[in-house]
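Notes follow once the structure below has been shown.
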Amino acid sequence: MTPGLPEKLSAALRPFIPGDAVPLAVDFIIQHRVQLTVTRGRATKLGDYRHPYLGEGHRVTVNGTLNQYAFLVTLVHEFAHLTTWEAHKNGVKPHGSEWKNQFTQLMKPYLTETIFPTALLEVLYQYFKNPRASSCADPELMRELANYDKKRDNYDFLEELPEGAVFMTRQRRYFKKGEKRRTRFLCHELSTRKAYLFHPLTPVQEQKE
């Protein structure tokens with residue numbers, strides 16, 4: 001191990017996750033030699049995992065715009081992809097029962113009142129009875145996580161806007177809200193006219209004329 005690595009990782013993680021969660025996350029990162037990258041906000045995903053390939057090790061990215069609780073849940077979500085890949089390689093579904101079991105087991109040490117507020121902890125207990133592919137897929141969990149966003153002021157959830165409304169994301173990109181396709185809204189970016197699917201609980205700012 002590189003001298004001072006735990007201390008450096010702890011200092012790097014501390015701004016993004018609750019303090020009592022830092023040692024657990026650092027131990028995992030060191031044990032599995034994870035290359036963790038904190039990215040700017042991405043509208044289409046909260047984080048991702050890439051398995052070792054062409055000399056690269058395990059790679060995990062998480063949006064740095066997430067609040068500390070959403071960041072931690074997303075981080076462990078990606079850790080679960082890593083351990084699932086180690087056990088099964090590409091032989092199982094990305095969010096199948098194997099991943100669900102890994103996610104649930106990895107989260108157990110974090111599910112304490114020293115890490116999560118009581119109200120959020122209760123919602124997490126419900127969520128982990130059958131975790132979904134994304135915390136965004138669980139409206140109750142996403143609403144509870146959003147309560148801890150520092151930038152909630154002046155933002156609405158996309159589902160609250162009427163169809164045809166023009167809105168700005170936190171990345172300062174402009175879209176027009178379209179129809180709902182199953183669980184997400186089809187929206188078109190004004191500058192490129194490209195279509196994107198947005199979760200109903202995406203925080204946005206409506207642009208009034």
- Message: Evaluate R143 against E159 for salt bridge (Lys or Arg N to Asp or Glu O under 4.0 Å), listing each step before the verdict.
- Response: CA-CA 12 Å; R143 286 191 180 93; E159 66 178 6; 2.9 Å; yes
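- With respect to R173 and E189, a salt bridge is recorded, a charged nitrogen being found less than 4.0 Å from a carboxylate O.
- Under the rule for a ring pair (Phe, Tyr, Trp, His ring centres under 6.0 Å), the partners of Y69 that lie at least two apart in sequence or sit in another chain are F116, Y148.
- The hydrophobic cluster containing L161 does not contain V166, counting ILVMFWY residues as joined when their side-chain heavy atoms lie under 4.5 angstrom apart, directly or transitively.
- Residues F185 and M168 are members of separate hydrophobic clusters, defined by side-chain heavy-atom contacts under 4.5 angstrom among Ile, Leu, Val, Met, Phe, Trp and Tyr.
- Qualifying side chain to side chain contact (heavy atoms under 4.5 Å, CB included) partners for K194, counting only residues two or more places apart in sequence or in other chains: T192, Y196.
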- Could you give me the CA-CA distance, side-chain angles and deciding distance for F175 and H188, then say whether ring-ring contact (aromatic ring centres under 6.0 Å, His included) is met? CA-CA 5 Å; F175 296 83; H188 289 83; 9.3 Å; no
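- The aromatic ring centres of F198 and F167 sit less than 6.0 Å apart.
- In the hydrophobic clustering of ILVMFWY residues, with side-chain heavy atoms under 4.5 Å counting as a link, V204 and L66 come out apart.
- The neighbour count for K8 NZ, taken as heavy atoms of other residues, nucleotides or ligands under 6.0 Å away, does not exceed 12.
- Judged purely by atom type and a 3.5 angstrom limit, E160 uses its side chain to pair as donor or acceptor with the backbone of F157.
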- Message: Quick one, R42 with T61, criterion side-chain hydrogen bond (donor to acceptor under 3.5 Å, both in side chains). Give me CA distance, side-chain angles, the key distance, then yes/no.
- Response: CA-CA 11 Å; R42 293 168 291 187; T61 70; 3.1 Å; yes
- Verdict with supporting geometry, H81 and H51, ring-ring contact (aromatic ring centres under 6.0 Å, His included): CA-CA 9 Å; H81 280 302; H51 63 71; over 10 Å; no
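- With ring centers used as reference points, F128 lies under 6.0 Å from F103.
- Hydrophobic cluster membership is shared by L111 and I115, with clusters built from Ile, Leu, Val, Met, Phe, Trp and Tyr side chains linked at under 4.5 angstrom.
- Put simply, L75 and L5 are part of the same group of oily side chains (I, L, V, M, F, W, Y) that touch within less than 4.5 Å, one to the next.
- No donor-acceptor pair closer than 3.5 Å links the side chain of K100 to the backbone N or O of N130.
- For Q207 (side chain) and Q205 (main-chain N/O), a donor-acceptor pair under 3.5 Å exists by modelled atom type.
- E179 and R181 are joined by a salt bridge, as a carboxylate oxygen and a charged side-chain nitrogen come within less than 4.0 angstrom of each other.
- Interatomic distance, K108 NZ to L24 CG, rounded to the nearest 0.5 Å: 14.5 Å.
- Note: N147 CG to N67 CG = 9.5 Å, rounded to the nearest 0.5 Å.
- Across every non-hydrogen atom of M142 and T202, the tightest pair is CE-N, 4.3 Å.
- Scanning for side chain to side chain contact (heavy atoms under 4.5 Å, CB included) contacts around H32 gives F28, V34, L82, T83, E86, with sequence neighbours left out.
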